[in-house]
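Written below as structure tokens is the structure these notes are about.
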Amino acid sequence: MQQRRLSRRDFLQTTGAASLAALLSGCFGVGGQSGGSSNSQSIVVWDISNGNDQKLIQDITARFNQTHSSIHAIVQFFQNDPYKQKLQVAMGAHQPPDIFFGWGGGILKSYIDAGDVYDLTPDLNADPAWRDRFLPSSLGAATFNNHIYGIPNDGVQPVVFLYNKDIFAKYKLSLPQTWGDLLNLVKTVKQQGLQPIALGGASKWTYLMYEMYLVDRLGGPQVFDAIMANQPNAWSNPAIIKANTMIQDLVAAGAFGSGFASVSYDTGQASALLYTGKAAMHLMGTWDFGTITNDDPAFIQQGKLGWFPFPAVEGGVGDPSNLTGVPCNYYSVAKTSKAIQACVTYLKDAVLNDEAVDRRIALGEIPPVKGIENKLSNAPHSDWLLFVYRLVQKAAHFQLAWDQALPPQPAQALLTNLDQLFLRQISPQQFSTNMNQTIGT
């Protein structure tokens, strides 16, 4: 069974319940303290990885310490539930760890705006080989005003369409290249008495994938950029109105069946619709490959799972190569660290080094590192790994999921209004009116 790493999505579904006193308890690990040998600087890294990923990080860090006598890195692992609050408290108390795990987007931006995060841009520019090691699209979620505040530390997770090859073969269905093709597929599959597309509406965040892709395909990244820039009435952009009209048309066409609002992704119900042959397609992050491998390995082993990118939209100005989802997770350096250059050395020499890349590929992950096609070709499920890698490699833009890019309050309002939109309880115009009220909050 494949160990599924903790994704941004897992984190979003949890909230910490620890008290302030508990959050402040324990060592925050401010840099500059002695550790390892008497002549070495200690740096403390906070991470939330578990299982095989945690073992990988422990091994890589131990090897780093053996080869860097002047630096001693200590990684402290936490459960994801209280991590966000713990980090917030640490930042507020000006006692953060030297290096901290994050997802980029709105939360990282809030720390940057508070002056708590070190700008890695000069260090990257001083070492072009390190800077150019990463696929450019993977750095976007940690880049603000052309300054980079985080380094990728694991694999990419774009959102793609998965499909059941048996269903497509039985009814002689072709992969859709355009939105019109997809609508025709929905009609054909429904006529066969099957659900065209699985959707875990009870989880609500699953709705966002359609919103992000359609808005991007219609209007390009600049539509959401205007929202992030707090431009008045940015949610009333015609691309958003049209995208939401298309979503409601898709719902009305029966694409998701009649009970999608009660189907949960988080408990595996939506994925099961695909591999049990009840639904033909499923739009989901690439982490779902691991979910299906775990829940129904035979479906994967027998080659019944297929995949394709979100199709182009006729008349749209967005680049069809654009992606959305999770560009990757990141390590950032606290500006208050007393060992910043030691932290930079750790990021450069330990994080996604050659050994880490090899081991992540062995775990079924796709590191956002250039020139690893041969390694992916020789790994299990190479067709899947290369498909995902090449999507990210060719992407003109990789948009971080909006509920992570936005601050917490508008992010929650977005999920609430998307739920109402998919259930056709509000119109596309009302959606935009509601969301415009969140701009700047």
Does either side chain, that of [X] or that of [Y], offer a donor lying less than 3.5 Å from an acceptor on the other one?
X    : Y    : value
N329 : N153 : no
Q430 : Q420 : no
Y265 : D288 : yes
E314 : T178 : yes
S271 : D295 : no

Under the 3.5 angstrom rule, does the side chain of [X] hit a backbone N or O of [Y] as a donor-acceptor pair?
X    : Y    : value
D419 : K204 : no
N294 : G290 : no
R217 : P311 : yes
E365 : P367 : no
S236 : S432 : no

Q) Does Y207 have any ring pair (Phe, Tyr, Trp, His ring centres under 6.0 Å) partners at least two apart in sequence or in another chain, and if so, which? A)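 Partners of Y207 by the ring pair (Phe, Tyr, Trp, His ring centres under 6.0 Å) criterion, ordered by chain and then number, come out as F422.
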
Could you give the distance from [atom1] ([X]) to [atom2] ([Y]), rounded to the nearest 0.5 Å?
X    : Y    : atom1 : atom2 : value
M281 : F168 : CE    : CZ    : 5.0 Å
H282 : F161 : NE2   : CZ    : 9.5 Å
L363 : L56  : CG    : CG    : 6.5 Å
I247 : K242 : CD1   : NZ    : 13.0 Å
L274 : L305 : CG    : CG    : 6.5 Å
L182 : L250 : CG    : CG    : 6.5 Å

Q: For the pair F101 and Y83, name the ring-plane relationship: parallel under 30°, tilted 30 to 60°, perpendicular over 60°.
A: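 Aromatic pair F101/Y83 classed perpendicular.
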
Q. Taking the inter-plane angle between the rings of W307 and F387 on a 0 to 90° scale, is it parallel (under 30°), tilted (30 to 60°) or perpendicular (over 60°)?
A.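 Geometry flag for F387 against W307: tilted rings.
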
Check: [X] ring centre within less than 6.0 Å of [Y] ring centre:
X    : Y    : result
Y330 : W103 : no
H381 : F289 : yes
F78  : W46  : yes

Q: Identify, with sequence neighbours excluded, every residue that meets side chain to side chain contact (heavy atoms under 4.5 Å, CB included) alongside Q437.
A: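 Partners of Q437 by the side chain to side chain contact (heavy atoms under 4.5 Å, CB included) criterion, ordered by chain and then number, come out as T433.
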
Q: Could you list the residues that satisfy side chain to side chain contact (heavy atoms under 4.5 Å, CB included) with Q58, not counting sequence neighbours?
A: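 Here the qualifying residues are Q54, K55, F77.
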
Q: Can you establish whether the number of heavy atoms outside K370 located under 6.0 Å from its atom NZ is more than 12?
A: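 More than 12 within 6.0 Å, yes.
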
**Q.** Any V159 side-chain heavy atom under 4.5 Å of Y213 side chain
**A.**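 With C-beta onward as the side chain, the pair touches.
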
Please name all residues satisfying salt bridge (Lys or Arg N to Asp or Glu O under 4.0 Å) with [X], sequence neighbours left out, ordered by chain then number.
X    : answer
D383 : none
R133 : D354
K375 : D358
E355 : R63, R359

Q: Please name all residues satisfying side-chain hydrogen bond (donor to acceptor under 3.5 Å, both in side chains) with K348, sequence neighbours left out, ordered by chain then number.
A: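 Checked K348 against side-chain hydrogen bond (donor to acceptor under 3.5 Å, both in side chains); matches are D127.
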
(Q) Holding to side-chain hydrogen bond (donor to acceptor under 3.5 Å, both in side chains), I want the full list of residues that pass it with Y389, two or more places apart in sequence or in another chain. (A)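 Result, side-chain hydrogen bond (donor to acceptor under 3.5 Å, both in side chains) vs Y389: none returned.
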
Name the atoms and distances for all side-chain donor-acceptor pairs under 3.5 Å in residues 405-417, with sequence neighbours left out.
unit_1, atom_1, unit_2, atom_2, d
T416, OG1, Q412, O, 3.1
N417, OD1, N434, ND2, 2.8
N417, ND2, A413, O, 2.8

**Q.** Residue pairs involving residues 108-118 (criterion salt bridge (charged side-chain N to carboxylate O under 4.0 Å, His left out); sequence neighbours excluded)
**A.**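 Sorted pair list: K109-D113.
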
Can I get a per-line list of side-chain donor-acceptor pairs under 3.5 Å for residues 140-151, giving both atom names and the distance, sequence neighbours left out?
unit_1, atom_1, unit_2, atom_2, d
T143, OG1, L139, O, 2.6
H147, ND1, D119, OD2, 2.6

